[in-house]
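Structure first, then comments.
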Amino acid sequence: MSKLFTPATIRNLELKNRIVMPPMCMYSAPDGVPADWHFTHYATRAVGGTGLIIVEATGVAPEGRISDADLGLWTDGQSEALVALVAQIHANGARAGIQLNHAGRKSEVTGATIEAPEARAYDEKSRVPVAMTIADIQNTVKEFQRAAERAHRAGFDVIEIHAAHGYLLNQFLSPLTNGRTDAYGGSPQNRARFLGETLEAIGSVWPAEKPIFVRVTAEEYAEGGNLPDDLAEQLNGVKESGNGIDAVDVSTGGLMPIAPKVFPGYQLPHARIIREKTGLPVIGGGLITTPEEAEAALAEGNADFVFLGRELLRNPYWPLAAAAALGDEIAWPKQYERARPRKK
Ligand SMILES: Cc1cc2nc3c(=O)[nH]c(=O)nc-3n(C[C@H](O)[C@H](O)[C@H](O)COP(=O)(O)O)c2cc1C
């Protein structure tokens, strides 16, 4: 059995393999509820053999969405609408996570006041956010908490807190976007306080048997910005908060409008450092397209799980083909049995 198809257990969650579909916004959810598109899109990846599907960035508040068409979890109706989506993912053999997000200064929603650690715009085309007061921070922590409760009611197996890609929690974590002088700014520990309080609040409503992941930007590609060691230090400071952190989904970039050099596995070195310095399981990747690259990421100790984003958009059946390529016998959907590649 390859490492990629070796099952794993995180808390009470059993995953049939190490393949993770990372959250990917579909910008197709007016009113924050899933559309027909979402059912087709996520169910197809479940049919294709992905072990864990993390549903796209989902706003914890209307002004916390990236766009007007993000999924949302700020109403009970949105939670009820997600029940059927989770059920479809489960019925097709995958586990379901959801990424909870507040976009902060990167929100492009129309008509809302946007918020951030300080009143500085992302770029010259972006609106200038309002600097959050302590009460705003406390309110947003509660919004994450209520969204987590609703995610549980919708049946999700995993919550992933979005603290990457320059959205609100990343804005707090970074010295480049957090110039606050109160308890939420300054030292690395202070900048991680918002994340710690979010973990605490979610831990009080999210069942202890279900895992909580955090997605981080482990390198900001800008002078003076966070590097993997900095993130590891911040994660170490908060990893016991609430129910703790069960896995770190390691990404990079997005804080500043800067495009890094990319190549297959470009975020794996970051994942490895976070794994070694925090002792937490990590999900790593970045431009992974072949079964051999995914297997090597695990075999070389860079990651415990591998995410494939764009490759799963191109090919939802990638896991079924990867198993054949790695010589593993895995269950196929019975409807597709006759298409299973035959051994030569
Ligand atoms: C269409 C699209 C939407 C994305 N939306 C999100 C998102 O909602 N949350 C997130 O953390 N990352 C998002 N990402 C980043 C992916 O999760 C992933 O980290 C990135 O694509 C790199 O992995 P890959 O090279 O395997 O595609 C998105 C990427 C794409 C292509």
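Just so we're clear, the structure is a prediction, and the values are computed from it rather than from any experiment. In what follows, every heavy atom counts, from backbone to side chain, and hydrogens, waters and symmetry copies are set aside.
- No side-chain heavy atom of Q99 sits less than 4.5 Å from a side-chain heavy atom of V55.
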task: Determine, step by step, whether Y42 and L85 satisfy the side-chain contact (heavy atoms from CB on, under 4.5 Å) criterion, reporting the C-alpha distance in whole Å, the side-chain angles of both residues, the deciding distance to 0.1 Å, and the verdict.
output: CA-CA 8 Å; Y42 289 113; L85 184 66; 4.1 Å; yes
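- Residues V130 and I114 fail the side-chain proximity criterion, which asks for heavy atoms closer than 4.5 Å.
- Considering all non-hydrogen atoms of both residues, P211 and I10 come closest at CG-O, 3.5 Å.
- Of all non-hydrogen atoms in S251 and Q267, the two that sit nearest each other are OG-NE2, 3.5 Å.
- Around CG of D36, the count of heavy atoms belonging to other residues, nucleotides or ligands within 6.0 Å does not exceed 12.
- Interatomic distance, Q171 CD to T217 OG1, rounded to the nearest 0.5 Å: 11.0 Å.
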task: Evaluate the criterion salt bridge (charged side-chain N to carboxylate O under 4.0 Å, His left out) for residue pair D246 and R11; output intermediate values, then yes/no.
output: CA-CA 8 Å; D246 297 290; R11 296 207 181 224; 2.6 Å; yes
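- Atom CG of L13 sits about 5.5 Å away from atom CG of D157, to the nearest 0.5 Å.
- L15 and M21 fall into different hydrophobic clusters, where Ile, Leu, Val, Met, Phe, Trp and Tyr are joined by side-chain heavy atoms under 4.5 Å apart, directly or via other members.
- Counting heavy-atom neighbours within 6.0 Å of Y336 OH, excluding the residue itself, gives a total of 12 or less.
- Side-chain atoms of S28 come within 3.5 Å of backbone atoms of M26 as a donor-acceptor pair (strictly under, hydrogens ignored).
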task: Would you please test K334 and E337 for salt bridge (charged side-chain N to carboxylate O under 4.0 Å, His left out) and show each step?
output: CA-CA 5 Å; K334 67 176 187 311; E337 225 1 279; over 6 Å; no
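- Rounded to the nearest 0.5 angstrom, H41 NE2 and L312 CG are separated by 9.0 Å.
- When every heavy atom of R65 is checked against every heavy atom of L71, the shortest pair comes out as CG-O, 4.3 Å.
- Nearest approach of P22 to L308, heavy atoms of both residues: CD-O, 3.2 Å.
- Residue pairs that meet the ring pair (Phe, Tyr, Trp, His ring centres under 6.0 Å) test with at least one member in residues 155-198, sequence neighbours left out, are H162-H165, H162-Y167, F172-F194.
- We find the CG-CG distance between L176 and N170 to be 9.5 Å, quoted to the nearest 0.5 Å.
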field: Pair K3-E300, salt bridge (charged side-chain N to carboxylate O under 4.0 Å, His left out): steps then yes or no
entry: CA-CA 11 Å; K3 293 211 179 307; E300 290 168 12; over 6 Å; no
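- The neighbour count for E108 CD, taken as heavy atoms of other residues, nucleotides or ligands under 6.0 Å away, does not exceed 12.
- The nearest pair of heavy atoms linking G244 to I212 is O-CB, 4.0 Å.
- Heavy atoms only, all atoms of each residue included: A116 and R105 are closest at CB-CB, 3.8 Å.
- For R275 (side chain) and G301 (main-chain N/O), a donor-acceptor pair under 3.5 Å exists by modelled atom type.
- Two residues are said to be in side-chain contact when any heavy atoms from C-beta on lie closer than 4.5 Å; Q145 and E200 fail this criterion.
- Cation-pi contact between R18 and F305: present, with separation from the ring centre below 6.0 Å and deviation from the ring axis of at most 45°.
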Show me the donor-acceptor pairs, under 3.5 Å and distance only, between side chains in residues 276-290 and residues at least two apart or in other chains.
unit_1	atom_1	unit_2	atom_2	d
E276	OE2	R272	NE	3.1
K277	NZ	D229	OD1	3.1
T278	OG1	I274	O	2.6
T278	OG1	L280	N	3.1
T290	OG1	E293	N	3.0

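- The distance from the CG atom of N17 to the CZ atom of F5 is 5.5 Å, given to the nearest 0.5 Å.
- More than 12 heavy atoms of other residues, nucleotides or ligands sit less than 6.0 Å from atom CG of D76.
- In this structure, I161 and I159 have side chains that are in contact, with non-hydrogen atoms separated by less than 4.5 Å.
- Note that CG of N226 and OG of S174 are 5.0 Å apart. Values are rounded to the nearest 0.5 Å.
- Annotation: side chain of L52 is in contact with side chain of V158 (closest heavy-atom distance under 4.5 Å).
- Between L82 and R150, every side-chain heavy-atom pair lies at or beyond the 4.5 Å cut-off.
- Between L73 and S79 there is a side-chain heavy-atom pair separated by less than 4.5 Å.
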- prompt: Passes side-chain contact (heavy atoms from CB on, under 4.5 Å), M24 versus L313? Steps please.
  reply: CA-CA 9 Å; M24 285 182 282; L313 296 186; 3.7 Å; yes
query: Step by step, would you call T177 with M256 a side-chain contact (heavy atoms from CB on, under 4.5 Å)?
result: CA-CA 9 Å; T177 45; M256 297 293 184; 4.3 Å; yes
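- Counting heavy atoms from C-beta on, the side chains of P291 and W318 come closer than 4.5 Å.
- The cluster map of Ile, Leu, Val, Met, Phe, Trp and Tyr, joined by side-chain heavy atoms under 4.5 Å apart, puts V306 and F263 in different clusters.
- The residues R215 and D249 are annotated as salt-bridged, a charged nitrogen and a carboxylate oxygen being separated by less than 4.0 angstrom.
- Salt bridge annotation for E311-R314: present, with a cationic side-chain nitrogen under 4.0 angstrom from a carboxylate oxygen.
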message: If you apply the rule side-chain contact (heavy atoms from CB on, under 4.5 Å), what do you find for L326 with E295, and how did you get there?
response: CA-CA 9 Å; L326 295 173; E295 180 68 6; 4.1 Å; yes
